[in-house]
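The structure appears right after this line, and notes come after that.
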There are 2 protein chains.
Amino acid sequence: MEKYRRIGLKLTPQRLAVLQYLEGNTDHPSAEMIYNEVKKKYPMMSFATVYKTIEALKKNGHLLELTIDSERRRYDPETGQHHHLICIRCKRISDIHKSFSIDVPAETQESFDIIGNHIEFYGICPKCKQKGGN
Amino acid sequence: MEKYRRIGLKLTPQRLAVLQYLEGNTDHPSAEMIYNEVKKKYPMMSFATVYKTIEALKKNGHLLELTIDSERRRYDPETGQHHHLICIRCKRISDIHKSFSIDVPAETQESFDIIGNHIEFYGICPKCKQKGGN
DNA sequence: GTTACTGCAAAGCTTTTGCATCCCT
DNA sequence: AGGGATGCAAAAGCTTTGCAGTAAC
């Protein structure tokens, strides 16, 4: 509670529900996933509120928008530096907490100010491997 | 021409225009960018055709769909392994042709079949730096 | 009491699709 | 001639927005 208040947002039940759902969540949910989950607890919850809350959290730096899934936006409450592993079959996204030392070529660094990087690993997850298909 | 025919698609003027626009293109264009550009040459060009051609090229492995820009899908005719540098201000995307040796942690490799990876570098491009803003 | 948030419905974008027509091969 | 491609317009997502009512501070 206190922790949430510090973000500087009014603490409504809806927001609290979203915040609690996101806390420690590693599913990289879409807006719809958040909506569906939170609606179980607060049936009055609307999509607009989900999107507006997402927007507020993004602005405050408490939520990252992932550009990993071309179908829909996904969100990540883990705002520290980390990378992702995406299953090309089921689109599940897992975290990779390991740091890599990678740098752009020197010529590029001279013209660009490099701020950060993000690695996407692609593969097939255990569950999808089991299901077969090859 | 011959080269295009080899992709196994019927060669209509519209497709040829799209193919020629994409050839060697490093702008990582969106469907709209393709449409606007090709329309200059073929005013009868429709959006549906652009999307359908994109779809056909993707299926044939001649075009990559990038999941770099959350606003819209971007496409890349360079289908070889390479990475990208994105300007967080203007969203311009540049290629990084350099290979990095990065591997997921061993535990992950045991459960996942890793197929590939893609690195996104974030930064501010020379033009945006000049414009200031900080 | 203010100010910000909620929820609805409408609107905005991007992308997809059905279908009649057209034209590569 | 046949089958795929085109283009239009409609539809389908996903996301945003205006606004009146409501609740947090």
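Numbers restart at 1 for each chain; the letters A, B, ... are given by sequence-line order, proteins then strands.
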If you restrict it to nitrogen or oxygen atoms, what contacts under 3.5 Å exist between nucleotides 1-8 of chain C and the protein, and what is each distance?
from: C:dT3; atom 1: O2; to: A:K10; atom 2: NZ; distance (Å): 2.5
from: C:dA4; atom 1: O4'; to: A:K10; atom 2: NZ; distance (Å): 3.1
from: C:dC5; atom 1: OP1; to: A:R15; atom 2: NH1; distance (Å): 2.8
from: C:dC5; atom 1: OP1; to: A:R15; atom 2: NH2; distance (Å): 3.4
from: C:dT6; atom 1: OP1; to: A:T12; atom 2: OG1; distance (Å): 2.6
from: C:dT6; atom 1: O3'; to: A:Q14; atom 2: NE2; distance (Å): 2.8
from: C:dG7; atom 1: OP1; to: A:Q14; atom 2: NE2; distance (Å): 2.9
from: C:dG7; atom 1: OP1; to: A:M44; atom 2: O; distance (Å): 3.0
from: C:dG7; atom 1: OP2; to: A:S46; atom 2: N; distance (Å): 3.3
from: C:dG7; atom 1: OP2; to: A:T49; atom 2: OG1; distance (Å): 2.9
from: C:dG7; atom 1: O5'; to: A:M44; atom 2: O; distance (Å): 3.4
from: C:dG7; atom 1: O6; to: A:K52; atom 2: NZ; distance (Å): 2.5

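- Taking the side chain as every heavy atom from C-beta outward, B:E78 and B:H97 approach each other to under 4.5 Å.
- The distance from atom CD of B:E55 to atom P of D:dG7 is 18 Å, rounded to the nearest whole Å.
- An OP1 or OP2 oxygen of D:dT16 is reached within less than 4.0 angstrom by a side-chain nitrogen or oxygen of A:R73.
- Between the side chains of A:H82 and A:D76, at least one donor-acceptor pair of N or O atoms lies under 3.5 Å.
- Side-chain N/O atoms of B:E65 and A:S70 include a donor and acceptor closer than 3.5 Å.
- We find that CD of B:E65 is positioned 12 Å from C1' of C:dT14, with the value rounded to whole Å.
- For B:K59, the NZ atom sits in a loose shell: 12 or fewer heavy atoms of surrounding residues, nucleotides or ligands are nearer than 6.0 Å.
- In this structure, B:E32 places its CD atom 9 Å from P of C:dT15, rounding to the nearest Å.
- The interatomic distance linking B:Y35 (OH) with C:dC13 (P) rounds to 16 Å, in whole Å.
- When the P atom of D:dT6 is taken as reference, atom CG of B:L16 falls 11 Å away, rounded to whole Å.
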Run A:K58 and A:E55 through salt bridge (charged side-chain N to carboxylate O under 4.0 Å, His left out) and show every step you take.
CA-CA 5 Å; A:K58 275 201 305 182; A:E55 190 54 33; 3.6 Å; yes
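- Defined by atom type and a distance below 3.5 Å, a donor-acceptor pair is missing between the side-chain atoms of A:H118 and A:H83.
- Not one side-chain nitrogen or oxygen of A:Y51 sits closer than 4.0 Å to the OP1 or OP2 atom of D:dT16.
- Atom pair A:Y42:OH and D:dT22:P shows a separation of 19 Å (rounding to whole Å applied).
- With rounding to whole Å, B:E71 atom CD is found 17 Å from D:dC14 atom P.
- Between the CE atom of A:M33 and the P atom of D:dC14 there is a distance of 12 Å, given to the nearest Å.
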